[in-house]
Every structure is written in structure tokens, then in C-alpha cells.
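Note sheet for the following structure.
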Amino acid sequence: MAPQLDIARSNPNAPSLDGQETGGTEAARPRRINMVGLTREQLADELKALGLPEKQIRMRVNQLWNGIYNRGLKNFEGITSLSKELRAQLNERYEIARPEVVEELVSVDGTRKWLMRLAPEKPGQPGPEIETVYIPEEGRGTLCISSQVGCTLTCTFCHTGTQKLVRNLTPGEIVGQLLVARDSLNEWPESADQPRIRNSDDRMVTNIVMMGMGEPLYNFENVRDALNIVSDGEGLQLSKRRITLSTSGVVPEIPRAGEEIGCMLAISLHAPNDEVRDKLVPLNRKYPIAELLDACRQYPGLRNAQRITFEYVMLKDVNDSVEDAKALVRLLKGIPAKINLIPFNPWPGSPYECSDWGQIEKFADVVNRAGYASPVRTPRGRDIMAACGQLKSESVKRRASERLKAKQAEEA
Ligand code: SAH
Ligand code: SF4
């Protein structure tokens, strides 16, 4: 029998009426609520609404949290510390769901990319898709997570910027990207008795960067809740020092990011002056460089050990001269900073070229001599279009050609 939900839902993972689980043949019924991405408080509210006694709530929340985030369980069956009846009751109204993996690609350099499909907005429509990338390196493994489908901003060198914003991701969809990566990398303990992975050096996913599709500070609350779940000491346990949020410069949200998330900050700077930055990052017209750097100077916890990363994409004849490099180091004087030079990754129809290697070296020299460690970010996973700024393009193209093939087959 279809469960009747009469509880007012204010959480961001709230269900929509779609009739999906009935195959669309019966009357529409609410989709089950995903427990992934609910904060501890929201989980407690759900359990209270289910009628569980007040004195049990904390313990039950801990049991669920442990099953979902320490053991990577995908349903309530395995959480045997809960009674059989309670598991069945939970199963009626809730689920432990990840985004659906449509495709997983592995690059020759070990980089992995997942194309994931999210729940559709309306019944019968295809759900929007996002991409998540895993980059293994010596001694660390970084997961690059998306925060939005598309982006409202229109940075001229970024492929995501050519796609309209479809929607913000929910906390469950943001945390879900890490769960999918850990599923695929076999990173869950095999049984309940096995200790959970405590030593961060033994892990496959050691770091997270919010550098996938979208502008994380335009989806502030959901990103905040998701990152607080990811860093929870009793759950996924990724330290805030190993989580970096990259922003194109949404100045008013930067202090909040420091206070309410407290993770590492990366700024997509890309130019040493407003004239060039206005063209590359149009948001600069609203929040110019001086205001952006002021917000950086005031970022809570900023000190030498916790420096801000400034990202700088190398565009031939646009921002890559030795004068630009000198202006850049003058600009950042006094800010504990790392400078990350990113060779431009082209995408179909992109209006720029990547700087020549020799020019990148000259630029990096100036930056190094000014005392900054300035790693040039080696493009990873280019063969699977997983490099910065390339997300989505290849899958859109290929899926279009697949659709065409399918159509031709139908007509034949
Ligand atoms: N919206 C956020 C985070 C996502 S973009 C931001 O802009 O910071 C992550 C990083 O990839 C940013 O530094 C962005 O400027 C960079 N990037 C985007 N397109 C790129 C491209 N084609 N080549 C290289 N880097 C790119
Ligand atoms: Fe959006 Fe970041 Fe791309 Fe700019 S660089 S369009 S903010 S995803």
C-alpha cells in the first residue's frame, strides 16, 4: 500500500509527487525521501515525525549515520542495530540513494570521470546530468565535485559557462558524488566489525575540491550542509583542511563561507587587472578585484599554513605576459597565497588558445622568484574530457550522436 505522507517537509531533499515508483500507472504518490544529505538535526526531525520516542532519537540518528557514511550502505536492511520493524517502517518512507551512474570512464593516466543522472524535475522528463572527476596522484586522491547543473555565470574560457543554469544540486546530490566515488573505488569496510578508515593517508579519496560544474557560492546553503556532512568526525571524516571551495569571486558570500564552512578557499582570479578580468570573468564588473582581495584578506583562519589558492588559467596573448606575472605578484603582496597556473583546456568552439609551454615557464619563473610555490596544474584525464572546464562537453556531443543513431535505427 502506498504510504500516506502528511508531514510538512522543509528539508531540501523533500519528495515530489511523481508516480515514478508505481511506473506511472497508479495515482501519483510521493517519492521516498533520501536520507543522504540530511543534517543530523533534519534526520532527528524526520524520526520524531515518524513517532519515535524522544529518548531514542539521538541513538537512532547515530545508527543511521554510521550505516550511511561509515559503511556505505544503500538500504536499511544492513543496519541491523535497528529493529526489523523500524527498518521496514523506514523503508516505506525513506531511501539511501545516490545519483544514478550513467557512465564511468577511466583515463590512461588513472583519472576517472562519472556521468551521473539526477532526479527529473517533472515526471517523464529525463533527469539532468552532472560530472564528477577523481584524480589520483602520488600520496593523495582528489575528487572534483559539482555544485550546480550548468552555471549562471558566463566566464568566457569555461565550457560550463556556455550552459544555462538548470538547477542547484541538493545536499544529497553533492554528498552523493562522494558516495558514488567510494562505491566505485571500493572504499567501504567489508563488514560492520571492520574499523572504519581513520587514517586519511590510507584512503583513495583524501581531498575534495568544489571545482566541478557550477558556482558553489551561488548554492551556498546546500554546499555548506553537504560539506559539513562530508567533514563530520563520526562519518566521512574528510578534514576541512582537505576540502577546497573554488569561487569566481562572489564577494558577499566569502565571509560566510569562512564562518559557516571553514574550508580552504580558492579564487579563480585569472587576470592581474580589472580590464582583463572583466572580459574573462564577467562577475568582476560587479565585484572588482580590490573588493575580492579585501574579502580574501579578511577570510577567517587565513594564515601561512592555510593559504588561499589563486587560480590562473593561461590564455595565449590574453593574460600570459611577463608583465602580467609581475602585476600578479604585486597584486597579491601581503596575502598568504598559493598561485596555481592552469594550462587552458580547449573545448569545441572555445575562443582562446592555451599559452605556449615556454611562456608558461617564463610566467611561472616570475611567480616563483617572488616566493610563491606556483605549481602548474598538469591537465589530467584530457582523453576522457575530464580536465578543468571541459566537463559535460563530450557527453553532450556523444549522447546527441547516440540519439541520432537510435533515431536512424528507428526509421530504418
Ligand atoms: N565556479 C567555480 C568553480 C568551478 S570552475 C569557479 O569558477 O571557481 C573550477 C576551475 O576551473 C576554475 O578556476 C575555472 O576558472 C577553471 N576553468 C574553467 N574552464 C577552464 C578551462 N577551459 N581550462 C582551464 N581551466 C578552466
Ligand atoms: Fe561558472 Fe566557474 Fe565556469 Fe565561471 S569558471 S562559468 S563561475 S563554472
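Just follow the structure's listing: the first ligand is 1, and inside any ligand the first atom is 1.
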(message) I'd like to know whether the aromatic ring centres of H270 and F310 sit less than 6.0 Å apart in this structure.
(response) no

(message) Counting C-beta onward and ignoring hydrogens, is there a side-chain heavy-atom pair between L283 and S248 closer than 4.5 Å?
(response) yes

(request) Mark up the atoms of ligand 1 that fall under 4.0 Å of a heavy atom belonging to C158, in ascending order. (result) 18 (C), 19 (N)

(message) At less than 4.0 angstrom from any non-hydrogen atom of L153, what atoms of ligand 2 do you find?
(response) 6 (S), 7 (S)

(request) Mark up the atoms of ligand 1 that fall under 4.0 Å of a heavy atom belonging to S248, in ascending order. (result) 6 (C), 7 (O), 8 (O)

(message) Under the criterion side-chain contact (heavy atoms from CB on, under 4.5 Å), I'd like the reasoning laid out for T142 against I208: C-alpha separation, chi angles, the key distance, then a yes or no.
(response) CA-CA 5 Å; T142 304; I208 283 184; over 6 Å; no

(message) So is S268 touching ligand 2 or not, going by heavy atoms under 4.0 Å?
(response) no

(request) Check I360 against C354 and note the closest heavy-atom contact, atom names and distance. (result) CD1-SG, 4.4 Å

(message) To the closest 0.5 Å, what do you measure between CG (N284) and CG (D278)?
(response) 5.0 Å

(request) Under 4.0 Å from a heavy atom of H270: give me the atoms of ligand 1 that qualify, with their elements. (result) 13 (O), 14 (C), 15 (O)

(request) Mind checking the CD-OH spacing from Q89 to Y94? Nearest 0.5 Å is all I need. (result) 9.0 Å

(request) Starting from atom 3 (Fe) of ligand 2, find the nearest protein heavy-atom neighbour and note its residue, name and distance. (result) C158 SG, 2.4 Å

(request) Within a distance under 4.0 Å of any heavy atom of T247, pick out the atoms of ligand 1 and give their elements. (result) 6 (C), 8 (O)

(request) Run the numbers for me: atoms of ligand 2, each under 4.0 Å from some heavy atom of S248, listed by number. (result) 7 (S)

(request) Tell me yes or no: between the side chains of N91 and R32, is some donor less than 3.5 Å from an acceptor? (result) yes

(request) Using a strict 4.0 Å cut-off to heavy atoms of G161, name the atoms of ligand 2 that fall inside it. (result) 6 (S)

(message) Regarding ligand 1, does G212 bring an N or O atom to under 3.5 Å of one of the ligand's N or O atoms?
(response) no

(request) Would you check if there is a donor-acceptor pair between the side chains of Q237 and S231 at a distance under 3.5 Å? (result) no

(request) Report, in ascending order of atom number, the atoms of ligand 1 lying under 4.0 Å from any heavy atom of W347. (result) 22 (N)

(message) List ligand 1 atoms under 4.0 Å from I342, heavy atoms only on the residue side.
(response) 24 (C), 25 (N)

(message) Does any N or O of ligand 1 fall below 3.5 Å from an N or O anywhere on H159, backbone included?
(response) no

(request) Say whether T152 and E215, considering side chains only, have a donor N or O and an acceptor N or O under 3.5 Å apart. (result) no

(request) Please write down residue, atom name and distance for the protein heavy atom closest to atom 1 (Fe) of ligand 2. (result) C151 SG, 2.4 Å

(message) Would G214 count as a contact residue for ligand 1, given that I'm defining contact as a non-hydrogen atom of the residue lying under 4.0 Å from a ligand atom?
(response) yes

(message) Suppose we only count N/O/S atoms under 2.8 Å; would H159 qualify as near atom 3 (Fe) of ligand 2?
(response) no

(message) I need the nearest protein heavy-atom contact for atom 4 (Fe) of ligand 2: residue, atom name and distance, please.
(response) C155 SG, 2.3 Å

(request) Starting from atom 2 (Fe) of ligand 2, locate the nearest protein heavy atom and write down its residue, its atom name and how far away it is, to 0.1 Å. (result) G214 O, 4.4 Å

(request) Check whether the ring centres of F363 and Y312 lie less than 6.0 Å apart, and answer yes or no. (result) yes

(request) Give the numbers and elements of all ligand 1 atoms closer than 4.0 Å to a heavy atom of E311. (result) 10 (C), 12 (C), 13 (O)

(request) Specify the closest pair of heavy atoms between Y372 and L332, including all atoms of both residues, with the distance to one decimal. (result) OH-O, 3.4 Å

(request) Identify, by atom number and element, the atoms of ligand 1 in contact range of F157, meaning under 4.0 Å from any of its heavy atoms. (result) 15 (O), 17 (N), 18 (C), 19 (N), 20 (C), 21 (C), 22 (N)

